[in-house]
There are 2 protein chains.
Amino acid sequence: MLAFLLDPAAQSGPADGASDMHPTRNRLISVATRLFQQRGYHAIGLAEILALSETPKGSLYHHFPGGKPELAEACVARIAESSLAAIDRLSGSGLDMIGFLRRLSEVTAAWLQRTDWLDGSLLAVIGQEQGGANGPLSEAVRIAYQRIEMRLARWLMAEGIAVARARDMAATIIAAQEGALVLARSRHDAAPVTLVTDMLCSMVERG
Amino acid sequence: MLAFLLDPAAQSGPADGASDMHPTRNRLISVATRLFQQRGYHAIGLAEILALSETPKGSLYHHFPGGKPELAEACVARIAESSLAAIDRLSGSGLDMIGFLRRLSEVTAAWLQRTDWLDGSLLAVIGQEQGGANGPLSEAVRIAYQRIEMRLARWLMAEGIAVARARDMAATIIAAQEGALVLARSRHDAAPVTLVTDMLCSMVERG
DNA sequence: GCCAGCATAGACCGACCAGTCTAGCGGGGT
DNA sequence: ACCCCGCTAGACTGGTCGGTCTATGCTGGC
(Lines give C-alpha, C1' and ligand atoms only; values in the text may rest on other atoms or scores of the structure.)
Protein backbone atom coordinates (compact mmCIF):
# COMPACT_ATOMS: atom_id res chain seq x y z
CA MET A 1 0.00 0.00 0.00
CA LEU A 2 1.02 3.54 -0.68
CA ALA A 3 4.25 2.31 -2.15
CA PHE A 4 4.16 4.93 -4.88
CA LEU A 5 4.95 7.70 -2.44
CA LEU A 6 8.35 6.22 -2.02
CA ASP A 7 9.38 7.66 -5.35
CA PRO A 8 8.56 11.31 -4.70
CA ALA A 9 9.48 11.19 -1.04
CA ALA A 10 12.67 9.17 -1.01
CA GLN A 11 14.10 10.70 -4.13
CA SER A 12 13.22 14.32 -3.39
CA GLY A 13 15.34 14.68 -0.32
CA PRO A 14 15.82 14.35 3.36
CA ALA A 15 12.34 13.20 4.24
CA ASP A 16 11.50 9.89 5.87
CA GLY A 17 14.71 9.83 7.82
CA ALA A 18 16.11 7.82 4.93
CA SER A 19 18.79 10.25 3.91
CA ASP A 20 20.73 10.00 7.12
CA MET A 21 21.39 6.36 6.42
CA HIS A 22 24.33 5.25 4.39
CA PRO A 23 23.85 6.01 0.67
CA THR A 24 24.76 2.47 -0.39
CA ARG A 25 22.31 0.98 2.06
CA ASN A 26 19.70 3.45 0.90
CA ARG A 27 20.30 2.66 -2.74
CA LEU A 28 20.07 -1.07 -2.12
CA ILE A 29 16.74 -0.73 -0.37
CA SER A 30 15.33 1.51 -3.10
CA VAL A 31 16.34 -0.78 -5.94
CA ALA A 32 15.34 -3.94 -4.11
CA THR A 33 11.96 -2.47 -3.19
CA ARG A 34 11.24 -1.62 -6.79
CA LEU A 35 12.25 -5.05 -8.05
CA PHE A 36 10.49 -6.98 -5.29
CA GLN A 37 7.25 -5.09 -5.76
CA GLN A 38 7.37 -5.74 -9.48
CA ARG A 39 8.06 -9.45 -9.50
CA GLY A 40 8.09 -10.70 -5.93
CA TYR A 41 10.76 -11.87 -3.54
CA HIS A 42 11.79 -15.18 -5.03
CA ALA A 43 11.86 -14.05 -8.65
CA ILE A 44 14.54 -11.47 -7.96
CA GLY A 45 18.13 -12.63 -7.67
CA LEU A 46 20.77 -10.73 -5.78
CA ALA A 47 22.69 -10.34 -9.04
CA GLU A 48 19.92 -8.19 -10.48
CA ILE A 49 19.68 -6.00 -7.40
CA LEU A 50 23.45 -5.54 -7.33
CA ALA A 51 23.69 -4.77 -11.04
CA LEU A 52 20.88 -2.21 -11.04
CA SER A 53 22.16 -0.50 -7.91
CA GLU A 54 25.78 -0.76 -9.06
CA THR A 55 26.79 -2.28 -5.78
CA PRO A 56 29.26 -5.09 -5.19
CA LYS A 57 28.17 -8.12 -3.27
CA GLY A 58 30.46 -7.34 -0.38
CA SER A 59 28.61 -4.11 0.33
CA LEU A 60 25.29 -5.86 0.47
CA TYR A 61 26.50 -8.34 3.04
CA HIS A 62 28.21 -5.56 4.94
CA HIS A 63 25.00 -3.57 5.34
CA PHE A 64 22.70 -6.58 5.54
CA PRO A 65 24.58 -9.46 7.19
CA GLY A 66 21.37 -11.47 7.09
CA GLY A 67 21.47 -11.40 3.31
CA LYS A 68 18.43 -11.29 1.06
CA PRO A 69 15.80 -11.81 3.78
CA GLU A 70 17.19 -8.97 5.86
CA LEU A 71 17.23 -6.70 2.83
CA ALA A 72 13.61 -7.56 2.11
CA GLU A 73 12.71 -6.85 5.74
CA ALA A 74 14.28 -3.42 5.40
CA CYS A 75 12.24 -2.83 2.25
CA VAL A 76 9.04 -3.75 4.05
CA ALA A 77 9.93 -1.55 6.99
CA ARG A 78 10.61 1.40 4.74
CA ILE A 79 7.30 0.95 2.94
CA ALA A 80 5.59 0.96 6.31
CA GLU A 81 7.40 4.11 7.43
CA SER A 82 6.64 5.89 4.16
CA SER A 83 2.99 4.92 4.32
CA LEU A 84 2.66 6.17 7.89
CA ALA A 85 4.41 9.39 7.02
CA ALA A 86 2.12 9.93 4.04
CA ILE A 87 -0.98 9.28 6.14
CA ASP A 88 0.21 11.70 8.80
CA ARG A 89 1.05 14.32 6.22
CA LEU A 90 -2.39 14.12 4.61
CA SER A 91 -4.36 13.83 7.83
CA GLY A 92 -2.48 16.81 9.23
CA SER A 93 -3.32 18.94 6.21
CA GLY A 94 -6.99 19.21 7.01
CA LEU A 95 -8.09 16.47 4.61
CA ASP A 96 -10.91 14.22 5.80
CA MET A 97 -11.00 10.46 5.24
CA ILE A 98 -13.19 10.75 2.16
CA GLY A 99 -10.78 13.21 0.67
CA PHE A 100 -7.90 10.93 1.53
CA LEU A 101 -9.51 7.96 -0.17
CA ARG A 102 -10.26 9.98 -3.29
CA ARG A 103 -6.75 11.28 -3.42
CA LEU A 104 -5.30 7.83 -2.77
CA SER A 105 -7.36 6.50 -5.64
CA GLU A 106 -6.10 9.15 -8.04
CA VAL A 107 -2.47 8.76 -7.09
CA THR A 108 -2.65 4.98 -7.19
CA ALA A 109 -4.21 4.96 -10.64
CA ALA A 110 -1.61 7.40 -11.93
CA TRP A 111 1.18 5.33 -10.39
CA LEU A 112 -0.02 2.10 -11.96
CA GLN A 113 -0.23 3.65 -15.39
CA ARG A 114 3.03 5.52 -15.08
CA THR A 115 4.92 2.32 -14.27
CA ASP A 116 3.08 0.48 -17.03
CA TRP A 117 1.51 -1.86 -14.43
CA LEU A 118 4.91 -3.15 -13.46
CA ASP A 119 4.88 -1.88 -9.89
CA GLY A 120 2.60 -3.53 -7.37
CA SER A 121 2.15 -3.73 -3.64
CA LEU A 122 5.30 -4.92 -1.92
CA LEU A 123 3.39 -5.95 1.18
CA ALA A 124 0.85 -7.93 -0.83
CA VAL A 125 3.31 -9.81 -2.99
CA ILE A 126 5.73 -10.64 -0.19
CA GLY A 127 2.90 -11.46 2.19
CA GLN A 128 1.41 -13.87 -0.33
CA GLU A 129 4.72 -15.50 -1.12
CA GLN A 130 5.58 -16.01 2.52
CA GLY A 131 2.07 -17.25 3.14
CA GLY A 132 1.30 -18.60 6.56
CA ALA A 133 4.99 -19.09 7.34
CA ASN A 134 6.23 -17.69 10.60
CA GLY A 135 9.53 -16.24 9.48
CA PRO A 136 10.72 -12.73 10.33
CA LEU A 137 9.82 -11.53 6.84
CA SER A 138 6.14 -12.41 7.05
CA GLU A 139 6.16 -11.02 10.57
CA ALA A 140 7.48 -7.73 9.16
CA VAL A 141 4.62 -7.65 6.66
CA ARG A 142 2.09 -8.38 9.39
CA ILE A 143 3.45 -5.56 11.52
CA ALA A 144 3.48 -3.17 8.57
CA TYR A 145 -0.19 -3.84 7.87
CA GLN A 146 -1.02 -3.52 11.53
CA ARG A 147 0.72 -0.17 11.91
CA ILE A 148 -0.98 1.27 8.82
CA GLU A 149 -4.32 -0.03 10.03
CA MET A 150 -3.88 1.56 13.44
CA ARG A 151 -2.91 4.88 11.92
CA LEU A 152 -5.98 4.88 9.69
CA ALA A 153 -8.17 3.85 12.61
CA ARG A 154 -6.82 6.72 14.67
CA TRP A 155 -7.74 9.11 11.90
CA LEU A 156 -11.26 7.69 11.71
CA MET A 157 -11.63 8.01 15.46
CA ALA A 158 -10.61 11.64 15.23
CA GLU A 159 -13.58 12.01 12.89
CA GLY A 160 -15.87 10.75 15.64
CA ILE A 161 -16.08 7.04 14.85
CA ALA A 162 -16.06 4.58 17.73
CA VAL A 163 -12.85 2.67 18.25
CA ALA A 164 -14.04 -0.81 17.31
CA ARG A 165 -15.80 0.43 14.18
CA ALA A 166 -12.80 2.54 13.25
CA ARG A 167 -10.51 -0.47 13.35
CA ASP A 168 -12.91 -2.52 11.29
CA MET A 169 -13.19 0.24 8.73
CA ALA A 170 -9.43 0.65 8.57
CA ALA A 171 -8.93 -3.05 7.93
CA THR A 172 -11.63 -2.95 5.27
CA ILE A 173 -9.96 -0.01 3.56
CA ILE A 174 -6.60 -1.76 3.44
CA ALA A 175 -8.04 -5.03 2.23
CA ALA A 176 -10.10 -3.41 -0.50
CA GLN A 177 -7.25 -1.21 -1.69
CA GLU A 178 -4.83 -4.11 -1.86
CA GLY A 179 -7.33 -6.22 -3.75
CA ALA A 180 -8.02 -3.41 -6.17
CA LEU A 181 -4.31 -3.14 -6.82
CA VAL A 182 -4.07 -6.86 -7.53
CA LEU A 183 -6.96 -6.83 -9.94
CA ALA A 184 -6.02 -3.56 -11.62
CA ARG A 185 -2.52 -4.80 -12.34
CA SER A 186 -3.75 -8.05 -13.77
CA ARG A 187 -6.25 -6.27 -16.01
CA HIS A 188 -3.94 -3.40 -16.92
CA ASP A 189 -6.86 -1.19 -16.03
CA ALA A 190 -7.17 1.21 -13.12
CA ALA A 191 -10.95 0.90 -12.93
CA PRO A 192 -10.96 -1.48 -9.91
CA VAL A 193 -9.15 1.16 -7.89
CA THR A 194 -11.80 3.81 -8.44
CA LEU A 195 -14.64 1.33 -8.06
CA VAL A 196 -13.35 0.11 -4.73
CA THR A 197 -12.75 3.69 -3.65
CA ASP A 198 -16.37 4.57 -4.38
CA MET A 199 -17.49 1.68 -2.23
CA LEU A 200 -15.14 2.62 0.59
CA CYS A 201 -16.33 6.23 0.50
CA SER A 202 -19.94 5.26 0.92
CA MET A 203 -18.93 2.96 3.75
CA VAL A 204 -17.20 5.86 5.48
CA GLU A 205 -20.08 8.22 4.76
CA ARG A 206 -22.58 5.83 6.30
CA GLY A 207 -20.33 5.54 9.35
CA MET B 1 -10.61 -16.78 -5.65
CA LEU B 2 -12.79 -19.67 -4.68
CA ALA B 3 -9.78 -21.90 -4.69
CA PHE B 4 -10.97 -23.80 -1.65
CA LEU B 5 -13.73 -25.48 -3.60
CA LEU B 6 -11.08 -27.37 -5.45
CA ASP B 7 -10.61 -29.63 -2.46
CA PRO B 8 -14.19 -30.81 -2.06
CA ALA B 9 -14.89 -30.83 -5.78
CA ALA B 10 -11.75 -32.35 -7.21
CA GLN B 11 -11.36 -34.93 -4.51
CA SER B 12 -14.97 -36.00 -4.27
CA GLY B 13 -15.28 -37.35 -7.72
CA PRO B 14 -16.07 -36.85 -11.36
CA ALA B 15 -17.05 -33.20 -11.17
CA ASP B 16 -15.35 -30.41 -13.07
CA GLY B 17 -14.48 -32.63 -15.97
CA ALA B 18 -11.20 -33.20 -14.22
CA SER B 19 -11.55 -36.91 -13.74
CA ASP B 20 -11.55 -37.70 -17.43
CA MET B 21 -8.05 -36.38 -17.74
CA HIS B 22 -5.05 -38.53 -17.17
CA PRO B 23 -4.58 -39.30 -13.46
CA THR B 24 -0.92 -38.28 -13.49
CA ARG B 25 -1.70 -35.00 -15.15
CA ASN B 26 -4.52 -34.47 -12.70
CA ARG B 27 -2.33 -35.23 -9.72
CA LEU B 28 0.37 -32.87 -10.92
CA ILE B 29 -2.09 -30.01 -11.30
CA SER B 30 -3.60 -30.63 -7.87
CA VAL B 31 -0.28 -30.75 -6.06
CA ALA B 32 1.18 -27.83 -8.00
CA THR B 33 -1.92 -25.73 -7.37
CA ARG B 34 -1.70 -26.33 -3.65
CA LEU B 35 2.00 -25.48 -3.52
CA PHE B 36 1.78 -22.45 -5.79
CA GLN B 37 -1.12 -20.96 -3.88
CA GLN B 38 0.77 -21.42 -0.63
CA ARG B 39 4.12 -19.96 -1.57
CA GLY B 40 3.91 -18.60 -5.09
CA TYR B 41 5.25 -19.65 -8.44
CA HIS B 42 8.96 -18.95 -8.07
CA ALA B 43 9.34 -20.33 -4.56
CA ILE B 44 8.25 -23.80 -5.64
CA GLY B 45 10.75 -26.02 -7.39
CA LEU B 46 9.81 -28.83 -9.69
CA ALA B 47 11.54 -31.21 -7.30
CA GLU B 48 8.99 -30.46 -4.59
CA ILE B 49 6.03 -30.87 -6.91
CA LEU B 50 7.41 -34.15 -8.21
CA ALA B 51 8.19 -35.50 -4.75
CA LEU B 52 4.79 -34.62 -3.27
CA SER B 53 2.91 -36.00 -6.24
CA GLU B 54 5.22 -39.03 -6.51
CA THR B 55 5.78 -38.35 -10.17
CA PRO B 56 9.01 -38.69 -12.12
CA LYS B 57 10.28 -35.75 -14.09
CA GLY B 58 9.73 -37.48 -17.38
CA SER B 59 5.99 -37.64 -16.76
CA LEU B 60 5.80 -33.96 -16.05
CA TYR B 61 7.47 -33.08 -19.33
CA HIS B 62 5.35 -35.63 -21.14
CA HIS B 63 2.09 -34.05 -19.99
CA PHE B 64 3.39 -30.48 -19.94
CA PRO B 65 6.03 -30.10 -22.66
CA GLY B 66 6.19 -26.41 -21.83
CA GLY B 67 7.51 -27.25 -18.38
CA LYS B 68 6.78 -25.28 -15.25
CA PRO B 69 5.02 -22.35 -16.92
CA GLU B 70 2.63 -24.63 -18.75
CA LEU B 71 1.87 -26.52 -15.56
CA ALA B 72 1.11 -23.25 -13.79
CA GLU B 73 -1.14 -22.19 -16.65
CA ALA B 74 -3.07 -25.43 -16.24
CA CYS B 75 -3.41 -24.71 -12.51
CA VAL B 76 -4.78 -21.24 -13.23
CA ALA B 77 -7.18 -22.62 -15.82
CA ARG B 78 -8.48 -25.22 -13.41
CA ILE B 79 -9.01 -22.63 -10.69
CA ALA B 80 -11.02 -20.60 -13.17
CA GLU B 81 -13.12 -23.58 -14.22
CA SER B 82 -13.77 -24.58 -10.62
CA SER B 83 -14.76 -21.06 -9.68
CA LEU B 84 -17.15 -20.76 -12.59
CA ALA B 85 -18.66 -24.14 -11.78
CA ALA B 86 -19.13 -23.15 -8.16
CA ILE B 87 -20.77 -19.87 -9.11
CA ASP B 88 -23.12 -21.66 -11.50
CA ARG B 89 -23.97 -24.27 -8.91
CA LEU B 90 -24.84 -21.69 -6.28
CA SER B 91 -26.64 -19.29 -8.61
CA GLY B 92 -28.66 -22.20 -9.96
CA SER B 93 -29.75 -23.27 -6.49
CA GLY B 94 -31.97 -20.26 -5.89
CA LEU B 95 -29.42 -18.32 -3.85
CA ASP B 96 -29.31 -14.58 -4.39
CA MET B 97 -26.10 -12.55 -4.57
CA ILE B 98 -26.27 -11.53 -0.92
CA GLY B 99 -26.64 -15.14 0.09
CA PHE B 100 -23.73 -16.05 -2.16
CA LEU B 101 -21.47 -13.43 -0.61
CA ARG B 102 -22.36 -14.56 2.90
CA ARG B 103 -21.75 -18.15 2.05
CA LEU B 104 -18.50 -17.30 0.28
CA SER B 105 -17.37 -15.46 3.38
CA GLU B 106 -18.11 -18.39 5.67
CA VAL B 107 -16.43 -20.94 3.43
CA THR B 108 -13.40 -18.74 2.85
CA ALA B 109 -12.91 -18.13 6.57
CA ALA B 110 -13.22 -21.83 7.31
CA TRP B 111 -10.79 -22.67 4.52
CA LEU B 112 -8.16 -20.21 5.75
CA GLN B 113 -8.32 -21.56 9.26
CA ARG B 114 -8.42 -25.19 8.19
CA THR B 115 -5.24 -24.81 6.17
CA ASP B 116 -3.63 -22.82 8.99
CA TRP B 117 -3.37 -19.76 6.72
CA LEU B 118 -1.07 -21.64 4.38
CA ASP B 119 -3.37 -21.61 1.37
CA GLY B 120 -3.97 -18.37 -0.47
CA SER B 121 -5.33 -17.17 -3.76
CA LEU B 122 -3.49 -18.74 -6.68
CA LEU B 123 -4.62 -16.01 -9.04
CA ALA B 124 -3.51 -13.25 -6.70
CA VAL B 125 -0.07 -14.63 -5.95
CA ILE B 126 0.74 -15.59 -9.53
CA GLY B 127 -0.74 -12.39 -10.87
CA GLN B 128 1.40 -10.34 -8.51
CA GLU B 129 4.56 -12.28 -9.26
CA GLN B 130 4.10 -11.99 -13.00
CA GLY B 131 3.25 -8.35 -12.57
CA GLY B 132 2.79 -6.33 -15.70
CA ALA B 133 4.65 -8.90 -17.79
CA ASN B 134 2.94 -10.05 -20.95
CA GLY B 135 3.69 -13.75 -20.80
CA PRO B 136 1.09 -16.45 -21.30
CA LEU B 137 0.93 -17.06 -17.57
CA SER B 138 -0.15 -13.55 -16.64
CA GLU B 139 -2.50 -13.65 -19.60
CA ALA B 140 -4.06 -16.80 -18.14
CA VAL B 141 -4.59 -15.01 -14.83
CA ARG B 142 -6.13 -12.04 -16.59
CA ILE B 143 -8.54 -14.28 -18.48
CA ALA B 144 -9.43 -16.18 -15.32
CA TYR B 145 -10.35 -12.97 -13.53
CA GLN B 146 -12.28 -11.76 -16.52
CA ARG B 147 -14.32 -14.95 -16.82
CA ILE B 148 -15.20 -14.95 -13.13
CA GLU B 149 -16.14 -11.28 -13.32
CA MET B 150 -18.41 -11.86 -16.30
CA ARG B 151 -20.12 -14.76 -14.59
CA LEU B 152 -20.77 -12.70 -11.48
CA ALA B 153 -21.99 -9.79 -13.59
CA ARG B 154 -24.42 -12.07 -15.39
CA TRP B 155 -25.81 -13.17 -12.05
CA LEU B 156 -26.22 -9.57 -10.94
CA MET B 157 -27.98 -8.70 -14.20
CA ALA B 158 -30.37 -11.58 -13.61
CA GLU B 159 -31.22 -9.81 -10.36
CA GLY B 160 -32.21 -6.74 -12.32
CA ILE B 161 -29.05 -4.70 -12.27
CA ALA B 162 -28.04 -2.78 -15.39
CA VAL B 163 -25.18 -4.23 -17.37
CA ALA B 164 -22.58 -1.53 -16.74
CA ARG B 165 -23.31 -1.39 -13.04
CA ALA B 166 -23.30 -5.18 -12.82
CA ARG B 167 -19.83 -5.38 -14.29
CA ASP B 168 -18.55 -2.69 -11.95
CA MET B 169 -20.03 -4.48 -8.97
CA ALA B 170 -18.55 -7.79 -10.06
CA ALA B 171 -15.08 -6.28 -10.36
CA THR B 172 -15.50 -4.66 -6.97
CA ILE B 173 -16.51 -7.96 -5.41
CA ILE B 174 -13.50 -9.76 -6.81
CA ALA B 175 -11.06 -7.02 -5.83
CA ALA B 176 -12.39 -6.77 -2.30
CA GLN B 177 -12.44 -10.53 -1.79
CA GLU B 178 -8.89 -10.95 -3.03
CA GLY B 179 -7.67 -8.12 -0.84
CA ALA B 180 -9.44 -9.56 2.17
CA LEU B 181 -7.71 -12.85 1.51
CA VAL B 182 -4.32 -11.14 1.36
CA LEU B 183 -4.84 -9.27 4.60
CA ALA B 184 -6.47 -12.16 6.45
CA ARG B 185 -3.59 -14.47 5.63
CA SER B 186 -1.02 -11.97 6.76
CA ARG B 187 -2.85 -11.33 10.03
CA HIS B 188 -3.77 -14.97 10.60
CA ASP B 189 -7.26 -13.64 11.23
CA ALA B 190 -10.36 -14.14 9.14
CA ALA B 191 -11.95 -10.85 10.22
CA PRO B 192 -11.08 -8.96 7.01
CA VAL B 193 -13.08 -11.49 5.03
CA THR B 194 -16.28 -10.91 6.97
CA LEU B 195 -15.72 -7.16 7.14
CA VAL B 196 -15.30 -6.90 3.40
CA THR B 197 -18.29 -9.13 2.88
CA ASP B 198 -20.44 -6.82 5.00
CA MET B 199 -19.37 -3.90 2.86
CA LEU B 200 -20.02 -5.79 -0.37
CA CYS B 201 -23.46 -6.82 0.84
CA SER B 202 -24.51 -3.27 1.51
CA MET B 203 -23.17 -2.28 -1.88
CA VAL B 204 -25.32 -4.95 -3.52
CA GLU B 205 -28.33 -4.04 -1.40
CA ARG B 206 -28.10 -0.41 -2.40
CA GLY B 207 -27.86 -1.50 -6.03
C1' DG C 1 2.89 -63.54 -29.06
C1' DC C 2 4.26 -59.31 -30.69
C1' DC C 3 4.51 -54.82 -31.88
C1' DA C 4 3.44 -49.71 -31.39
C1' DG C 5 2.56 -46.03 -28.59
C1' DC C 6 1.98 -43.73 -24.54
C1' DA C 7 3.70 -43.07 -20.25
C1' DT C 8 7.05 -43.66 -16.62
C1' DA C 9 11.58 -43.37 -14.76
C1' DG C 10 15.60 -40.95 -13.36
C1' DA C 11 20.51 -39.87 -14.62
C1' DC C 12 22.50 -35.93 -16.31
C1' DC C 13 23.51 -30.95 -17.71
C1' DG C 14 24.70 -26.06 -17.80
C1' DA C 15 22.97 -21.99 -15.61
C1' DC C 16 22.15 -19.56 -11.79
C1' DC C 17 21.29 -19.16 -6.92
C1' DA C 18 22.50 -17.14 -2.13
C1' DG C 19 26.22 -16.83 0.56
C1' DT C 20 31.49 -16.78 2.00
C1' DC C 21 36.03 -15.12 1.88
C1' DT C 22 40.14 -12.52 1.09
C1' DA C 23 41.99 -8.39 -0.61
C1' DG C 24 42.18 -3.58 -1.19
C1' DC C 25 40.63 1.21 -0.96
C1' DG C 26 40.38 5.71 1.40
C1' DG C 27 39.79 9.05 4.77
C1' DG C 28 39.50 10.59 9.82
C1' DG C 29 42.00 10.35 14.21
C1' DT C 30 46.24 10.74 16.47
C1' DA D 1 53.11 10.15 8.68
C1' DC D 2 50.74 6.35 9.89
C1' DC D 3 47.36 3.27 10.91
C1' DC D 4 42.84 1.67 11.60
C1' DC D 5 38.53 0.40 10.10
C1' DG D 6 34.20 1.14 7.69
C1' DC D 7 33.33 0.06 3.30
C1' DT D 8 33.98 -1.57 -1.37
C1' DA D 9 35.26 -5.10 -4.58
C1' DG D 10 34.64 -9.42 -6.85
C1' DA D 11 36.44 -14.26 -7.30
C1' DC D 12 34.84 -18.47 -5.65
C1' DT D 13 31.79 -22.38 -3.83
C1' DG D 14 28.33 -25.84 -2.96
C1' DG D 15 23.81 -26.49 -3.91
C1' DT D 16 19.58 -26.17 -6.49
C1' DC D 17 17.22 -24.69 -10.43
C1' DG D 18 14.49 -25.89 -14.87
C1' DG D 19 15.13 -28.62 -18.70
C1' DT D 20 16.94 -32.56 -21.81
C1' DC D 21 17.89 -37.19 -22.92
C1' DT D 22 17.88 -42.13 -23.14
C1' DA D 23 16.07 -46.27 -21.39
C1' DT D 24 12.35 -48.93 -19.83
C1' DG D 25 7.78 -50.41 -18.56
C1' DC D 26 3.04 -51.26 -19.76
C1' DT D 27 -1.07 -52.09 -22.45
C1' DG D 28 -4.47 -52.46 -26.16
C1' DG D 29 -4.84 -53.93 -31.10
C1' DC D 30 -3.70 -57.49 -34.19
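Residue numbers start from 1 in every chain, and the chains themselves are labelled A, B, ... in the order their sequence lines are given, proteins ahead of strands.
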*asked:* Please give me every residue in residues 41-53 of chain A whose heavy atoms get under 4.0 Å of an atom in DNA chain D, ordered by residue number.
replied: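 Contacting residues: none.
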_I'd like to know whether B:Leu28 forms a side chain to side chain contact (heavy atoms under 4.5 Å, CB included) with B:Leu50, so could you lay out the CA-CA distance, the side-chain angles of the two residues, the decisive distance to 0.1 Å, and finally the verdict._
CA-CA 8 Å; B:Leu28 277 169; B:Leu50 297 174; 4.2 Å; yes
*Rounding to a whole Å, what distance do you find between B:Leu28:CG and C:dT8:C1'?*
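From B:Leu28 CG to C:dT8 C1': 12 Å.
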_Spacing between B:Leu71 atom CG and D:dC17 atom C1', to the nearest angstrom_ =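 It is 15 Å, rounded to the nearest whole Å.
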For the student: nearest non-hydrogen atoms of [X] and [Y], plus distance:
| X | Y | result |
| --- | --- | --- |
| B:Ala32 | B:Cys75 | CB-SG, 3.7 Å |
| B:Gln37 | B:Val125 | CA-CG1, 4.4 Å |
| B:Thr24 | B:Ser59 | CG2-CB, 4.1 Å |
| B:Ala109 | B:Ala190 | CB-CB, 3.8 Å |
| A:Gln128 | B:Val182 | NE2-CA, 3.2 Å |
| A:Glu129 | A:His42 | OE2-N, 3.3 Å |

*asked:* Treating B:Ser93 as the side-chain partner and B:Leu90 as the backbone partner, does any N or O pair qualify as donor plus acceptor under 3.5 Å?
replied: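 At least one qualifying donor-acceptor pair exists.
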*Ignoring hydrogens and angles, tell me if any N or O in the side chain of A:Ser138 forms a donor-acceptor pair with the backbone of A:Gly135 under 3.5 Å.*
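The answer is yes, because a donor-acceptor pair under 3.5 Å joins these two groups.
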*asked:* Strictly below 4.0 Å: does A:His22 bring a side-chain N or O up to OP1 or OP2 of D:dG6?
replied: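 Checking D:dG6 against A:His22, no side-chain N or O comes under 4.0 Å of OP1 or OP2.
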_Overall bend - the helix from C:dG1-D:dC30 to C:dT30-D:dA1, comparing terminal axes fitted on five pairs, nearest 10 degrees_ =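 Between the first-five-pair axis and the last-five-pair axis there is 10°.
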*Check salt bridge (Lys or Arg N to Asp or Glu O under 4.0 Å) between A:Glu139 and all other residues, then give those that pass, not counting sequence neighbours.*
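A:Glu139 satisfies salt bridge (Lys or Arg N to Asp or Glu O under 4.0 Å) with A:Arg142 once adjacent residues are dropped.
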_Assess whether a salt bridge exists between A:Arg185 and A:Asp116, defined as any Lys/Arg side-chain N lying under 4.0 Å from an Asp/Glu carboxylate O._
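The answer is no: the pair does not qualify as a salt bridge.
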*In residues 55-70 of chain B, what residues come within less than 4.0 Å of DNA chain C, judged by heavy atoms?*
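When residues 55-70 of chain B is checked for heavy atoms under 4.0 Å from DNA chain C, the hits, listed by number, are B:Pro56, B:Lys57, B:Gly58, B:Ser59, B:His62, B:His63.
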*asked:* Check the orientation of B:Trp117 and B:His188. Use parallel for under 30°, tilted for 30 to 60°, and perpendicular for over 60°.
replied: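 If you compare the ring of B:Trp117 with that of B:His188, the planes turn out parallel.
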Atom pairs and distances, side-chain donor-acceptor, residues 144-152 of chain A, under 3.5 Å, sequence neighbours left out:
from	atom 1	to	atom 2	distance (Å)
A:Tyr145	OH	A:Ala124	N	3.4
A:Tyr145	OH	A:Glu178	OE2	2.5
A:Arg147	NH1	A:Glu81	OE2	2.8
A:Arg147	NH2	A:Glu81	OE2	3.2
A:Glu149	OE1	B:Arg187	NH1	2.5
A:Glu149	OE2	B:Arg187	NH1	3.2
A:Arg151	NH1	A:Asp88	OD1	3.1
A:Arg151	NH1	A:Asp88	OD2	2.6

Pick out the pairs of N or O atoms, protein on one side and nucleotides 24-29 of chain C on the other, that lie under 3.5 Å.
none

